[in-house]
Amino acid sequence: MEGSASGKFSGYSCLFMISFLMVCLGVRSQLTTDFYNESCPNLLTIVRKAVKNAIKTETRMAASLVRLHFHDCFVNGCDGSVLLDGSDGEKSALPNLNSVRGFDVVDTIKSSVESACPGVVSCADILAIAARDSVLLSVSAGMKLRRNPLQSGGNTWKVFLGRRDGLVANQTGANNGLPFPTDSLDTITQKFANVGLNQTDVVSLSGAHTIGLARCTTFSSRLFNFSGTGAADSTMDTEMVSGLQTLCPQSGDGNTTTSLDQNSTDLFDNHYFKNLLVGKGLLSSDQILFTGDAAASTTKSLVQNYSSDSGLFFSDFTNSMIKMGNISPKTGSNGEIRTNCRVVNS
């Protein structure tokens with residue numbers, strides 16, 4: 001059981017609210033939480049219903065929608081460019097190819113929103129709301145009852161809105177700017193810094209890997225002849241290595257999937273960080289947050305703190321999501337409100 005003292009809970013609730021307000025001040029000038037209150041008053045209800053139905057159909061979809069928002073914001077800012085079709089689009093970039101998914105769900109949400117409020121709500125804002133809802137709907141009942149600042153006191157994490165959709169995709173930007181699972185910690189940190197995010201954001205946002213799946217091709221290099229050693233990555237738990245070698249043989253299908261967060265697949269909690277402490281991070285980019293010289297003086301302590309304190313993780317994760325959602329949004333007369341999220345308006 002995690003700490004349950006009411007005083008500690010209240011302390012973290014206050015800390016969360018103070019941090020939330022500080023982040024809000026930074027985004028208030030561009031985006032607002034009440035942007036659609038008059039123009040599309042039922043927006044949040046429409047999106048929540050659609051996301052809930054999608055997750056009910058396929059639990060994995062929660063992680064897919066969070067990832068779509070992440071991969072959108074890191075390229076051209078949060079402008080829905082990841083949704084655009086085309087051979088030169090971001091969907092075909094190496095970090096996204098045969099990987100990002102959930103486009104049909106976004107289409108369904110957009111259709112419902114257009115029926116209620118035609119030409120009003122951007123695809124970029126739909127991604128932001130859907131990502132938030134995917135997290136909240138994936139939080140376990142136990143976490144809700146104990147110490148989840150995302151929902152304590154009946155409050156939920158409020159999404160800042162008012163983004164407009166971009167007119168172009170940026171495949172080169174996706175190839176260069178999105179983190180790869182084989183990137184070094186320094187490279188990942190720099191890619192985050194390039195869009196205005198810091199090391200706390202690196203660790204807290206990596207915690208989104210508490211839900212979702214990964215393909216064998218994203219971690220198989222750790223299982224056989226790692227870095228030319230002739231053996232598996234020594235930082236990975238040996239039993240985990242054995243199981244993954246069976247699941248992902250060298251001659252096997254690289255598209256076979258397994259859980260990013262072993263033993264806590266579909267719950268948004270801090271178990272991901274507990275795994276890192278015992279060598280059970282699936283991706284190299286996960287485990288290096290705790291293991292290795294680079295982590296020792298940078299990210300290791302945060303991993304330890306989040307592993308023992310879900311309240312701190314949820315608080316930092318929320319703040320980082322708000323920061324990420326404010327990466328170079330198009331507002332005012334910039335961009336457009338797409339009718340179809342896959343193509344720019346004609």
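Count residues from 1 along the sequence. In this text the structure is predicted, and so the values were computed from the model without any measurement.
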With Arg163, the side-chain hydrogen bond (donor to acceptor under 3.5 Å, both in side chains) member among Asn334, Asp72, Asp79, Asp125: Asp125

Write down the atom of [X], the atom of [Y], and the distance for their closest heavy-atom approach.
X: Ser307; Y: Asn270; value: O-ND2, 3.1 Å
X: Ile211; Y: Phe268; value: CG2-N, 3.8 Å
X: Val75; Y: Ser81; value: O-OG, 3.5 Å
X: Gly119; Y: Glu114; value: N-OE1, 3.1 Å
X: Asn175; Y: Pro95; value: OD1-CD, 3.4 Å
X: Val120; Y: Tyr36; value: O-CE2, 3.5 Å

If you apply the rule side-chain contact (heavy atoms from CB on, under 4.5 Å), what do you find for Tyr272 with Asn275, and how did you get there? CA-CA 5 Å; Tyr272 162 86; Asn275 279 342; 5.6 Å; no

Using side-chain contact (heavy atoms from CB on, under 4.5 Å) as the criterion, list what pairs up with Thr172, not counting sequence neighbours. Asn170, Asn176

Are [X] and [Y] close enough that some pair of their side-chain heavy atoms sits under 4.5 Å apart?
X: Lys191; Y: Leu197; answer: no
X: Met240; Y: Gln245; answer: no
X: Ile55; Y: Arg60; answer: no
X: Gln190; Y: Asp183; answer: no
X: Asp261; Y: Asp269; answer: yes
X: Asp286; Y: Phe219; answer: no
X: Val159; Y: Met321; answer: no

Check whether any side-chain N or O of Asn42 sits under 3.5 Å from a backbone N or O of Thr45 as a donor-acceptor pair, and report yes or no.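 Not confirmed, Asn42 side chain does not pair with Thr45 backbone.
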
By the disulfide (SG to SG under 2.5 Å) test, which pairs, at least two apart or in different chains, include something from residues 168-249? Cys216-Cys248

So that I can tick it off, tell me whether Lys280 and Glu239 are bridged by a salt bridge, with the cut-off set at under 4.0 angstrom between side-chain N and carboxylate O.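 Lys280 and Glu239: not salt-bridged.
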
Out of Ile288, Leu289, Thr299, which residue meets the side chain to side chain contact (heavy atoms under 4.5 Å, CB included) rule with Ile188?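 The side chain to side chain contact (heavy atoms under 4.5 Å, CB included) with Ile188 is passed solely by Ile288 among Ile288, Leu289, Thr299.
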
Do Ile337 and Val47 land in one hydrophobic cluster if side-chain heavy atoms of ILVMFWY residues count as linked below 4.5 Å?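 No, Ile337 does not connect to Val47 through the hydrophobic network.
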
Return each pair, listed once, that meets ring pair (Phe, Tyr, Trp, His ring centres under 6.0 Å) where at least one residue sits in residues 74-119; pairs must be two or more places apart or across chains.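 Ring pair (Phe, Tyr, Trp, His ring centres under 6.0 Å) check on residues 74-119 returns Phe70-Phe74, Phe74-Phe192.
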
